Amino acid sequence: MGKVTRKQYSGEFKSRVTLEAIRGEQTLAELASKHGVHQTKIGQLLVERDFLRDASVRLGVIKGDK
């Protein structure tokens, strides 16, 4: 049996999927099916986005409500 490698996605692909998730027009399950990825990967992107946004607000890099 050959070596199993993880599929790698481009930043552009990740951004596109994340933006679709942010819009909220489809559920995470629908997006995952549409793009052929596991829905926890999409959820992880949203968690990372929120973390980075909150950290940027705390550091004063961007303005926000937190």
Side-chain angles (χ1 to χ4, degrees):
M1 186 181 272
K3 182 179 177 182
V4 177
T5 58
R6 297 176 81 175
K7 189 166 184 178
Q8 300 211 348
Y9 300 97
S10 70
E12 180 183 343
F13 176 80
K14 292 177 186 179
S15 297
R16 188 170 4 113
V17 174
T18 302
L19 288 173
E20 287 184 38
I22 292 168
R23 288 187 197 111
E25 296 170 353
Q26 295 178 306
T27 66
L28 292 182
E30 291 169 333
L31 285 172
S33 177
K34 174 182 173 182
H35 293 289
V37 298
H38 195 277
Q39 71 185 42
T40 57
K41 299 294 184 185
I42 295 173
Q44 180 65 29
L45 290 172
L46 294 176
V47 169
E48 290 172 6
R49 180 216 54 204
D50 291 344
F51 172 80
L52 292 171
R53 183 194 60 225
D54 294 346
S56 296
V57 169
R58 284 192 304 272
L59 293 172
V61 175
I62 61 171
K63 293 183 180 181
D65 57 358
K66 291 190 176 195

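All of these numbers come straight from a predicted model, not from anything done at the bench.
Note: Thr27 OG1 to Gln39 CD = 7.5 Å, rounded to the nearest 0.5 Å. Here NZ of Lys34 is found 5.0 Å from CD of Gln26. Values are rounded to the nearest 0.5 Å. Going from atom CG of Leu28 over to atom OG1 of Thr40 covers 10.0 Å, rounded to the nearest 0.5 Å. The distance from atom CG of Leu46 to atom NZ of Lys41, rounded to the nearest 0.5 Å, is 14.0 Å. With values rounded to the nearest 0.5 angstrom, Glu20 atom CD is found 12.0 Å from Leu45 atom CG.
No path of Ile, Leu, Val, Met, Phe, Trp and Tyr side chains, each step under 4.5 Å between heavy atoms, connects Leu52 with Val57, placing them in separate hydrophobic clusters.
Under the 3.5 Å distance criterion, the side-chain polar atoms of Thr18 are matched with a main-chain donor or acceptor of Lys14.
For Phe13, the ring pair (Phe, Tyr, Trp, His ring centres under 6.0 Å) criterion is met by Tyr9, His35, not counting sequence neighbours.
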**OP:** Mind running side chain to side chain contact (heavy atoms under 4.5 Å, CB included) on Arg16 and Leu19 for me, showing each step along the way?
**Re:** CA-CA 5 Å; Arg16 188 170 4 113; Leu19 288 173; 6.0 Å; no
**OP:** Evaluate side chain to side chain contact (heavy atoms under 4.5 Å, CB included) for Val37 paired with Leu31, printing each intermediate quantity in order.
**Re:** CA-CA 8 Å; Val37 298; Leu31 285 172; over 6 Å; no
